[in-house]
2 protein chains.
Amino acid sequence: MEFSESAGTGHAILESLPAGLRAHAAGQAQRLSLEAGQIVFRAGDHCQGLPLILSGSVRVEMTGLSGSRIVLYRMGPNDICTLSIGCLMTGHGYRAEAYVEEPSEAVLIPRPTFERLMDESRDFRLAIMSSYGRRLDDLMLLVEEVAFRRMDQRLDEWLVRHGGKGSVAITHQELAGELGTAREVVSRLLKELERKGQVRLARGRIDVVSVKKPSD
Amino acid sequence: MEFSESAGTGHAILESLPAGLRAHAAGQAQRLSLEAGQIVFRAGDHCQGLPLILSGSVRVEMTGLSGSRIVLYRMGPNDICTLSIGCLMTGHGYRAEAYVEEPSEAVLIPRPTFERLMDESRDFRLAIMSSYGRRLDDLMLLVEEVAFRRMDQRLDEWLVRHGGKGSVAITHQELAGELGTAREVVSRLLKELERKGQVRLARGRIDVVSVKKPSD
DNA sequence: TAGGTGTCAGTGACAAAGTCACACAGGGTT
DNA sequence: AACCCTGTGTGACTTTGTCACTGACACCTA
């Protein structure tokens, strides 16, 4: 809680600032404690400042006209909410929603402070740019996934990545959101995997037994 | 060709620089003349500098494992090749390809010059950031399109936007690339539109008669 | 402990889109 | 005219998306 602690519990991008700027930023920043399930922003919301994630995990997803959802990416410790930068600079509202997955700590840098940091710190600029680069990459990968890859392979991959060993606690509905498809599709594919003995299904849980590699 | 011309035929982002920096940038920049059909970069290529488009049009697209393609976005006069920034900064290769659509003029800013401009010009920084913001937005829109919208509606929209009045010179294969689908799907949907009298089809050309709005 | 109430999962039927294979057409060249 | 390349049309089949509905499970309350 005390600022003396903030060096230890701070954000990498702030740590890299020279002492004077860091003190300025710390003084202006607003600290946020986010509870699991809480909504950080909604589509259409306007941006109050640049959120820096200190700890926990925040999921960013988009909702289509029909109400279908897809997870765009996640933010974790030392991440920057890249989307906010665009909103800050253009004044447009957000085009996505952000949900807290694990209880998180964050700081909100007000716009004038953000601009001052951009002007005065090379390291800050580099961090912002590299964050942008990563998001752009993430989204290009996602476009490729969604446009070209088969759902069964994407599901297999997801299972290997998230439940490689044991079991994952997730509903079919949520998993559909991860992949940008419909719940029924996930249910069918999972059932098929269960028939082949590669997973066992329980309410809200998937036990991964052995998911095949694409080479199989 | 002469540098004295470069003020008139230059790039908005360079115009906004103070005289000293502008001269430096002009001195370091390499001028490129790109012919229609030429490839600006391929997936995996490494980035030599930041391309600024002066005139013409460049298409950026991605190729899936299967060879399917999708157009990500286009760059026109006064645009910045946002993708290159990430490649410049991380040293990674490109993940997409860029093709010249209309003969274009561009300048290539070498990395050290790019970094100096970032360090010394606030306007330059703002332009770079806003370019990033736009690309991120474009890609989010594209994800939504591809993941959630129906192909017939997307095709209708494309036809209205690009051939609203008369006719478009494009093959079904190219149009499939614009939408990120297969040629056969485009052929079938177009044939259906022709049956309904909304378009007339010729080899390499589509005459748009009257494409329905979603409300019809 | 029985019943009530949400959420979660399974499934059939059908529509939309992607894939594969191949036939055919248009417009140029030789 | 015969040839060839590219572009287009189409049938058959698979995969994915949508709709409608049923049943299963977990938890709460009486």
Side-chain angles (χ1 to χ4, degrees), chain A residues 37 62-70 142-159 167-196 198-208 212 214, chain B residues 37 62-70 142-159 167-196 199-207 212 214:
Chain A
M62 202 172 33
T63 306
L65 295 172
S66 56
S68 321
R69 299 174 157 209
I70 185 167
L142 184 60
V143 168
E144 166 153 12
E145 287 265 303
V146 169
F148 301 134
R149 306 217 23 236
R150 292 189 36 156
M151 199 50 76
D152 52 358
Q153 289 173 17
R154 293 177 55 207
L155 177 61
D156 287 358
E157 263 182 38
W158 193 96
L159 290 172
S167 72
V168 210
I170 192 170
T171 67
H172 296 185
Q173 183 69 69
E174 288 163 349
L175 188 37
E178 296 288 328
L179 300 174
T181 183
R183 199 261 313 158
E184 296 92 319
V185 174
V186 171
S187 289
R188 267 199 288 265
L189 292 174
L190 281 174
K191 208 65 192 171
E192 183 57 26
L193 286 180
E194 190 178 45
R195 270 182 220 110
K196 293 195 272 177
Q198 298 179 16
V199 301
R200 264 167 307 169
L201 301 177
R203 188 186 176 85
R205 203 183 73 240
I206 304 170
D207 297 316
V208 180
K212 293 192 176 178
Chain B
M62 202 172 32
T63 307
L65 295 172
S66 56
S68 321
R69 299 174 157 207
I70 185 168
L142 184 59
V143 168
E144 166 154 13
E145 287 264 305
V146 170
F148 301 135
R149 306 215 26 235
R150 292 187 37 161
M151 199 50 77
D152 51 359
Q153 289 173 18
R154 293 177 55 208
L155 176 59
D156 288 358
E157 263 182 38
W158 193 95
L159 289 173
S167 72
V168 210
I170 193 171
T171 67
H172 298 184
Q173 183 69 69
E174 288 163 349
L175 188 37
E178 296 288 328
L179 300 173
T181 183
R183 199 262 313 159
E184 297 91 318
V185 175
V186 171
S187 288
R188 269 199 281 266
L189 291 173
L190 281 174
K191 207 64 195 172
E192 184 57 27
L193 286 180
E194 190 179 45
R195 271 182 218 110
K196 294 196 271 177
V199 301
R200 263 166 308 168
L201 301 177
R203 188 187 176 83
R205 203 184 72 241
I206 303 170
D207 297 316
K212 291 191 177 180

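Predicted model only: the values in this text are computed from it and were never measured. Heavy atoms only: backbone and side chains are in, while hydrogens, waters and symmetry mates are out.
- For the pair I206(A) CD1 and dC8(C) C1', the interatomic distance rounds to 12 Å; values are reported in whole Å.
- Taking 3.5 Å as the limit, the base of dG9(D) and the side chain of R183(B) contain a donor-acceptor pair of atoms between them.
- Computed from coordinates, the R200(B) CZ to dT8(D) P distance equals 17 Å when rounded to whole Å.
- In this structure, the nucleotide among dG9(D), dG7(D), dG10(C) sitting nearest to the side chain of S187(A) is dG10(C).
- Not counting sequence neighbours, the partners of E144(B) by the side-chain contact (heavy atoms from CB on, under 4.5 Å) test are M62(A), L65(A), F148(B).
- Note on residues 181-192 of chain A: pairs passing salt bridge (Lys or Arg N to Asp or Glu O under 4.0 Å), not counting sequence neighbours, are K191(A)-E194(A), E192(A)-R195(A).
- At whole-Å resolution of the value, CD in E192(B) and P in dT10(D) are 11 Å apart.
- Taking atom CG of residue L190(A) and atom P of nucleotide dC8(C), one finds them 15 Å apart after rounding to whole Å.
- Here R200(B) pairs with nothing under the side chain to side chain donor-acceptor pair (under 3.5 Å) rule; sequence neighbours left out.
- At whole-Å resolution of the value, CD in E174(B) and P in dT6(D) are 13 Å apart.
- With sequence neighbours excluded, the residues forming a salt bridge (Lys or Arg N to Asp or Glu O under 4.0 Å) with R205(B) are D207(B), listed by chain and number.
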Please tabulate, one pair per line, each protein N/O and nucleotide N/O from nucleotides 12-19 of chain D that are separated by under 3.5 Å, including the distance.
{"from": "dT16(D)", "atom 1": "OP1", "to": "M151(A)", "atom 2": "N", "distance (Å)": "2.5"}
{"from": "dG17(D)", "atom 1": "OP2", "to": "T181(A)", "atom 2": "OG1", "distance (Å)": "2.2"}
{"from": "dG17(D)", "atom 1": "N7", "to": "R188(A)", "atom 2": "NH2", "distance (Å)": "3.3"}
{"from": "dG17(D)", "atom 1": "O6", "to": "R188(A)", "atom 2": "NH2", "distance (Å)": "3.4"}
{"from": "dT18(D)", "atom 1": "O4", "to": "R188(A)", "atom 2": "NH2", "distance (Å)": "3.1"}
{"from": "dC19(D)", "atom 1": "N4", "to": "E184(A)", "atom 2": "OE2", "distance (Å)": "3.3"}

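- Remark: T171(A) pairs with Q173(A), E174(A) by the side-chain contact (heavy atoms from CB on, under 4.5 Å) rule, at least two apart or across chains.
- Between R195(B) and dG9(D) there is no side-chain N or O to OP1 or OP2 distance below 4.0 Å.
- In this structure, L155(B) and L193(B) have side chains that are in contact, with non-hydrogen atoms separated by less than 4.5 Å.
- The two residues L175(B) and I206(B) have their closest heavy-atom pair at CD2-CD1, 3.8 Å.
- Across the protein-nucleic acid pair, L179(B) atom CG and dA17(C) atom P stand 11 Å apart, rounded to whole Å.
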All N/O pairs under 3.5 Å across the protein-nucleotides 23-30 of chain C interface:
{"from": "dG26(C)", "atom 1": "N2", "to": "R203(B)", "atom 2": "NH2", "distance (Å)": "3.2"}

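- The CG atom of L155(B) sits 14 Å away from the C1' atom of dA16(C) (whole-angstrom rounding).
- Regarding K191(A), its NZ atom lies at a distance of 10 Å from the P atom of dA9(C), rounded to whole Å.
- Applying the side-chain contact (heavy atoms from CB on, under 4.5 Å) test to R203(A) and every residue at least two apart in sequence or in another chain returns nothing.
- For the pair H172(A) and dT7(C), the criterion of a side-chain N or O lying under 4.0 Å from OP1 or OP2 is not met.
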